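The shown structure was predicted, so the numbers you read here are calculated from the model rather than taken from an experiment. Excluded from the calculations below are hydrogen atoms, water molecules and symmetry mates; all remaining heavy atoms, backbone and side chain alike, are included.
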Amino acid sequence: MAERRITSRDQDGDDILNLFKKDQGGETAVDTSRRVRIGIIGTGWIAAAHMESYLKMPDVDIVAGADVVPEKARRFFDRYHLDQVHIYTDHREMLAKEELDAVSVCTYNRAHKVCAVDALNAGVHVLLEKPMGVTLEESVEICRAEKASGKVLSIGFQPRFDPNMRKIKEIVESGELGKVYYIQTGGGRRRGIPVPFGTSFIEDKTAGIGAVGDIGCYSLDMVLNAVGYPKPLTVSGFRGAFLGNKREYYRNHPEYAEKFEVDDFAAAFVRLEGDIILDFRIAWAMHLDTPGDTIILGTKAGLRIPSTECWNGTVGGPMKVYTQFGGLETCMELPVLESNGNLFDAKVRSFLNAVKDGGEAPVPSSQILYNQAIIDGIVRSSELGREIAVEIPEI
């Protein structure tokens, strides 16, 4: 049977497309009379994104920062002409001496847990960069500290605020796909091991995990958030290093190959609650432009989400819904939505709003705990060479 393609110009498809083509995001007024005192823990490259967003917020005061390398921290704050910021080499000292409302934790992966837990224990709200931690046990400890503190803990997943990502969730929740039973997702980069700023992403003592935690957590969140974050039950996973440990990969620093101690590729077959199968793969570097599009299969329709050549938290082109329409096999092409603003700014603003209004975390730890459980399951399954059951402790 011939397939019929429906576009936004097709009258028969207009009603369906109207469900999906508008970005419902919007700006709200900011109460500048209530200010938020911010500290930044870790002043590496991701801290710059936090800083640039905070500086756009009219109700924020950057008052302190902590980094184990004070000279780096001083250069960081001087770049933004913030010479009055108090700098510490120990984040615990900063938390003890400063009257902070919130902190951004921008350290390397292995320091995420201790900094987040210490801040929460000090009664400070936390915006924690991804991945949540290196292991499931670390993430559980963070969640328990959050629960005990009563403070806001939001995890740094700015793709959540991309209108196309929101639309994916809306499509699934609309019921147009029927019952979802299979998901294929992942992504990667042809040449994208993050070493322009040194080796903190590739050494075990700082990173702990590689591509699977750095960009794999994003692709997992895209689909898990869409289907309501079902609990992972089992994982059969693999992770390895195929290019990152080769001297010829690094044009300017071939010595980095000897320092590469994490994964540049990972794959997994995950069983989720609700009889959903998740087929996942991710790569920092590969001899391919993409490992494939994201696919969500349901009993009434299927959704194809085009991949990007460098996983950047949005879609690589118009999404397509494959279904039956008027007795014909049809394909509805959904227009790519443009964001109303910077996704990182939206992440920071939503966190600040939750801090000021006592609202829920925009990206709650209870969800990202499942994300981390899958990553942890991939690591453990790969080490054991077999499928493992996922056991998540009570918080």
Item to complete: Would you please say whether a donor-acceptor pair under 3.5 Å links the side chains of Tyr80 and Glu52?
Response: yes
Item to complete: Please report the closest heavy-atom contact between Ala47 and Gly42, naming both atoms and the distance.
Response: CB-O, 3.3 Å
Fill in: Check: Phe344 ring centroid to His50 ring centroid under 6.0 Å
yes
Practice prompt. Find the distance between CE (Met57) and CZ (Phe351) and round it off to the nearest 0.5 Å.
Written response: 12.0 Å
Worksheet item: Any link between Val180 and Phe269 through a network of hydrophobic side chains (Ile, Leu, Val, Met, Phe, Trp, Tyr) touching at under 4.5 Å?
Response: no
Worksheet item: Same cluster or not: are Met286 and Ile282 linked, directly or through other Ile, Leu, Val, Met, Phe, Trp or Tyr residues, by side-chain heavy atoms under 4.5 angstrom apart?
Response: no
Discussion item. What I want to check is whether the side chains of Gln367 and Arg160 have a donor and an acceptor closer together than 3.5 Å.
Written reply: yes
Item to complete: Would you kindly say whether Ser339 and Asp162 are connected by a side-chain donor-acceptor distance under 3.5 Å?
Response: no
Discussion item. Would you say Gln158 and Tyr218 are linked by a side-chain donor-acceptor pair, where the criterion is simply a distance under 3.5 Å?
Written reply: yes
Worksheet item: Would a hydrophobic clustering, with Ile, Leu, Val, Met, Phe, Trp and Tyr connected at side-chain separations under 4.5 Å, put Ile368 with Leu233?
Response: no
Item to complete: Give a yes or no on whether Glu309 atom CD has more than 12 heavy-atom contacts from other residues, nucleotides or ligands under 6.0 Å away.
Response: no
Fill in: Residue Glu137 excluded, over 12 heavy atoms near CD under 6.0 Å
yes
Fill in: Donor-acceptor side-chain pairing of Ser200 and Thr206 below 3.5 angstrom
no
Worksheet entry | Test item: side-chain donor near acceptor, Glu138 and His112, under 3.5 Å | no
Worksheet entry | Exam field: side chain Asp67 to backbone Ala73, donor-acceptor pair closer than 3.5 Å | no
Worksheet item: Is the number of heavy atoms from other residues, nucleotides or ligands under 6.0 Å of Lys179 NZ greater than 12?
Response: yes
Item to complete: State whether the number of non-hydrogen atoms from other residues, nucleotides or ligands found under 6.0 Å of Glu391 atom CD is greater than 12.
Response: no
Worksheet entry | Polar side chain donor-acceptor pair, Asp118 to His91, under 3.5 angstrom | yes
Discussion item. Using a strict threshold of under 4.0 Å (side-chain N to carboxylate O), is an ion pair present between Arg34 and Asp59?
Written reply: no
Fill in: Ring center gap for Tyr250 and His253 short of 6.0 angstrom
no
Worksheet item: Is it true that atom NZ of Lys356 has more than 12 heavy atoms of other residues, nucleotides or ligands lying nearer than 6.0 Å?
Response: yes
Item to complete: Indicate whether the side chain of Tyr322 and that of Glu329 have a donor and an acceptor atom separated by less than 3.5 Å.
Response: no
Worksheet item: Is it true that atom CG of Asp275 has more than 12 heavy atoms of other residues, nucleotides or ligands lying nearer than 6.0 Å?
Response: no
Discussion item. Looking only at side-chain N and O atoms, does Asp376 offer a donor or acceptor that is under 3.5 Å from a partner on Thr135?
Written reply: no
Worksheet item: So, Tyr229 versus Ser366: side-chain donor-acceptor pair below 3.5 Å or not?
Response: no
Fill in: Exam field: side chain Lys169 to backbone Met165, donor-acceptor pair closer than 3.5 Å
no
